[in-house]
Amino acid sequence: MSFAFSAFSALSVRGRGAARLAAATLVSGLVAAGALVTAGPAVADSTPQSGGGATATMGGLKTYGDAVIHDNGGDEQVSAGLFEMAVDGGGMLQTYCIDIHNPTQKDARYQETPWSGTSLSGNENAGRIRWILQNSYPQVNNLTALARQAGASGLTEQDAAAGTQVAIWRYSDGADVDAVDPQAEKLADYLEKAARNLAEPAASLTLDPPAVSGHAGERLGPVTVHTNADSVTVTPPVDATANGVKIVGKDGKAITSAADGRPIYFDVPKDAADGSVALTVQASTTVPVGRAFASESRSQTQILAGSSESTVSATATANWAVKGAIPALSAVRNCAKGGVDITAADEGDEAFTFELMGSEYTIEAGKSQTVTIPLQEDQAYDFTIKGPGGFEERFKGILDCKTESGAGGDATQTLSEPSPATVGGTSTDTNLAETGSSSATPFIAGTAIALVVIGGAALVLVRNKKTSTQD
């Protein structure tokens with residue numbers, strides 16, 4: 001199976017703006033400030049909840065066909081096919097949509113994300129989607145052979161992309177949707193019936209755990225590398241030199257690269273002032289087919305259909321002190337519980353306490369605890385946990401765990417209706433905002449995040465959505 005970039009293509013779906021967007025609602029208690037007892041500064045712009053991997057920017061519509069959604073007694077014609085995304089640091093991705101009624105925003109930023117942090121969480125057919133991706137276009141680019149398997153008289157690239165997307169939507173969204181072209185519809189029916197459940201693919205690159213802590217004079221870790229790349233490049237943090245911190249292997253020797261399964265340690269001198277550093281490792285590899293990609297701006301969730309050699313990265317932080325409580329914090333979206341899991345570990349010699357949304361938590365020395373912060377679907381969150389000595393850890397994002405029925409839900413504000421999608425054929429410069437969203441969508445989503453922290457409360461966008469039968 002080859003990956004032909006000349007055939008790169010993209011999809012845009014005409015979403016329902018009223019069903020996806022809602023009025024801005026003031027919600028108190030989202031700003032979390034706690035007494036994390038630590039003596040060293042640890043300030044980050046924000047802590048990612050993706051776990052590492054590829055970061056990419058949404059491109060334009062390329063190759064697609066027509067499909068019709070049958071919903072609430074009416075029909076809606078949409079475009080169905082492949083997206084193209086450009087990877088930070090180099091590389092290209094091809095993806096299909098797994099969120100049929102949510103608009104796509106051109107130039108939206110996406111991060112490789114575990115299924116547990118997306119609408120695939122709890123979807124018993126998620127593995128069937130991966131099977132479809134592995135057994136259809138573009139992974140199978142012999143369209144003659146694919147048509148023969150599907151019982152079709154022939155398939156163009158547009159037919160193959162549309163048929164594959166339609167089959168995916170039936171499992172990702174529980175959608176009643178058909179391809180317009182008869183040959184594409186035959187492919188969709190074949191893929192739907194033939195699909196079998198496969199396991200979720202491993203991430204292209206992660207560091208586990210993403211945060212460690214301990215005393216000055218110790219080796220902090222281990223942080224284990226998990227990757228499908230031959231090796232990752234390990235570059236010592238810029239601020240580590242001033243503290244005398246070294247990045248070493250199990251034998252204590254400084255390292256500049258590491259392979260899958262290899263442990264990494266932060267070697268902190270005994271006389272180092274209390275503080276912290278963040279280490280980023282990087283590699284070049286193909287991202288596994290079936291990995292999910294989520295955005296922080298409500299742009300529709302994607303699933304990977306193909307990858308070139310691409311740049312992937314992951315970050316781990318280390319926090320140290322001479323004495324007292326020494327926390328390590330990490331976060332991950334948990335769609336099964338409808339919130340964000342904050343994991344706090346204490347490798348110090350005293351317990352530490354923090355407050356989150358009105359509740360106080362105490363972590364004993366040498367212990368760890370995971371706290372789930374419940375959020376509403378589509379809720380923007382931005383909270384910072386602070387402590388003495390300048391310690392500060394910030395977590396931000398949007399909880400986007402469900403697909404929609406398309407009925408409009410209980411949205412409290414209706415914005416202008418999106419323009420009809422341009423369907424069929426091939427385009428090299430399509431405005432995805434016009435095909436799937438009101439032009440106000442990026443501004444509203446960005447403003448909601450920027451204004452989250454206001455006087456101890458959080459300004460968020462909230463919308464109650466109906467869950468599809470596959471959620």
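Just so it is clear, the values below take in all heavy atoms, side chains as well, and ignore hydrogens, waters and symmetry mates.
Proximity of Phe293 to Gln111: side-chain heavy atoms (C-beta onward) are nowhere separated by under 4.5 Å. The shortest side-chain heavy-atom distance between Thr224 and His226 falls under the 4.5 Å cut-off. In this structure the side chain of Ile398 never reaches within 4.5 angstrom of the side chain of Gln379, judged on heavy atoms. Side-chain contact check for Thr164 versus Leu187: some heavy-atom pair is nearer than 4.5 Å. A heavy-atom distance below 4.5 Å is not found between the side chains of Lys402 and Ser119. At least one side-chain heavy atom of Val78 sits less than 4.5 Å from a side-chain heavy atom of Trp169. Asp176 is not listed as a side-chain neighbour of Asp71, based on a closest heavy-atom distance of 4.5 Å or more. For the pair Ile303 and Leu133, the minimum side-chain heavy-atom distance is below 4.5 Å.
To the nearest 0.5 Å, atoms OH (Tyr137) and OH (Tyr96) are separated by 7.0 Å. Atom CZ in Phe266 sits 7.0 Å away from atom OG1 in Thr317 (nearest 0.5 Å). Going from atom CZ of Arg291 over to atom OG1 of Thr95 covers 14.0 Å, rounded to the nearest 0.5 Å. With rounding to the nearest 0.5 angstrom, the CG atom of Leu93 is 5.5 Å from the CG atom of Leu304. Distance CD/Gln105 to OG/Ser295: 6.5 Å, rounded to 0.5 Å. The OG1 atom of Thr156 lies 7.5 Å from the CG atom of Leu143; values are rounded to the nearest 0.5 Å.
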Could you walk me through whether Ile247 and Leu279 pass side chain to side chain contact (heavy atoms under 4.5 Å, CB included), step by step?
CA-CA 9 Å; Ile247 308 302; Leu279 168 70; 4.0 Å; yes
Report the C-alpha distance between Gln376 and Leu399 in whole Å, list the side-chain angles of each, state the deciding distance to 0.1 Å, and finish with yes or no for side chain to side chain contact (heavy atoms under 4.5 Å, CB included).
CA-CA 7 Å; Gln376 297 184 52; Leu399 189 72; over 6 Å; no
List the steps, then state whether side chain to side chain contact (heavy atoms under 4.5 Å, CB included) holds for Ile69 with His101.
CA-CA 10 Å; Ile69 304 171; His101 292 298; 4.0 Å; yes
Go through it in stages, so that I can follow the logic: the residues are Tyr265 and Leu220, the test is side chain to side chain contact (heavy atoms under 4.5 Å, CB included), and I'd like the CA-CA distance, side-chain angles, deciding distance and then a yes or no.
CA-CA 5 Å; Tyr265 297 82; Leu220 312 185; over 6 Å; no
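Side-chain atoms of Glu200 come within 3.5 Å of backbone N or O of Trp115 as a donor-acceptor pair. Counting only distance, with no hydrogens or angles, the side chain of Asp260 and the backbone of Thr227 share a donor-acceptor pair below 3.5 Å. Remark: the backbone N or O of Asp88 is not paired with any side-chain donor or acceptor of Thr55 at under 3.5 angstrom. Judged by distance alone, the side chain of Tyr381 and the main-chain N or O of Phe395 form no donor-acceptor pair under 3.5 Å. Between the side chain of Asn319 and the backbone N or O of Ser213 there is no donor-acceptor pair closer than 3.5 Å. In this structure, Glu309 contributes its side chain and Gly91 its backbone to no donor-acceptor pair below 3.5 Å. A donor-acceptor contact shorter than 3.5 Å links the side chain of Glu377 to the backbone of Cys401. Judged by distance alone, the side chain of Asn125 and the main-chain N or O of Arg128 form no donor-acceptor pair under 3.5 Å. Of the possible donor and acceptor atoms, none in the side chain of Gln94 sits under 3.5 Å from a partner among the backbone N and O of Phe83. Checking side-chain atoms of Gln369 against main-chain N and O of Ala344 turns up no donor-acceptor pair under 3.5 Å.
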Less than 3.5 Å apart, which donor and acceptor atoms pair up between the side chains of residues 146-153 and the rest of the protein, not counting sequence neighbours?
from	atom 1	to	atom 2	distance (Å)
Ser153	OG	Gln183	OE1	3.2
Ser153	OG	Gln183	NE2	3.4

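The two residues Thr118 and Ala292 have their closest heavy-atom pair at CG2-CB, 4.0 Å. The shortest non-hydrogen separation linking Asn102 to Ser299 is ND2-C, 3.5 Å. The heavy-atom pair separating Ala283 from Ala229 by the smallest distance is CB-CB, 3.8 Å. Nearest approach of Thr285 to Asn228, heavy atoms of both residues: OG1-OD1, 3.1 Å. Taking both residues in full, the closest heavy atoms of Pro209 and Val223 are given as O-CG1, 3.5 Å, listed atom of the first, atom of the second, then distance. Contact record, Val225 with Ala258: CG2-CB, 4.1 Å, taken as the closest heavy-atom pair.
Ion pairing between Asp382 and Arg394 holds under the 4.0 Å rule for side-chain N and carboxylate O. Ion pairing between a basic and an acidic side chain is recognised when a charged N comes within 4.0 Å of a carboxylate O; Arg333 and Asp400 show no such pairing. Taking a cutoff of 4.0 Å between a charged side-chain nitrogen and a carboxylate oxygen, Asp178 and Arg170 qualify as a salt bridge. Between Glu296 and Lys396, none of the side-chain N atoms (NZ, or NE/NH1/NH2) sits under 4.0 Å from a carboxylate O, so this pair counts as no salt bridge.
For the 3.5 Å distance criterion, the side chains of Thr370 and Thr343 qualify, holding a donor opposite an acceptor. Of the N and O atoms on the side chains of Thr280 and Thr315, at least one donor lies less than 3.5 Å from an acceptor on the other residue. Side chains of Thr63 and Gln158: no donor on one and acceptor on the other come within 3.5 Å. Side-chain contact annotation: Glu112 with Ser204, donor-acceptor N/O pair under 3.5 Å present. A donor atom on one side chain and an acceptor atom on the other are not found under 3.5 Å apart for Asp107 and Thr57.
No more than 12 heavy-atom neighbours from other residues, nucleotides or ligands sit within 6.0 angstrom of CG on Asp230.
Under the side chain to side chain contact (heavy atoms under 4.5 Å, CB included) criterion, Thr311 pairs with Gln282, not counting sequence neighbours.
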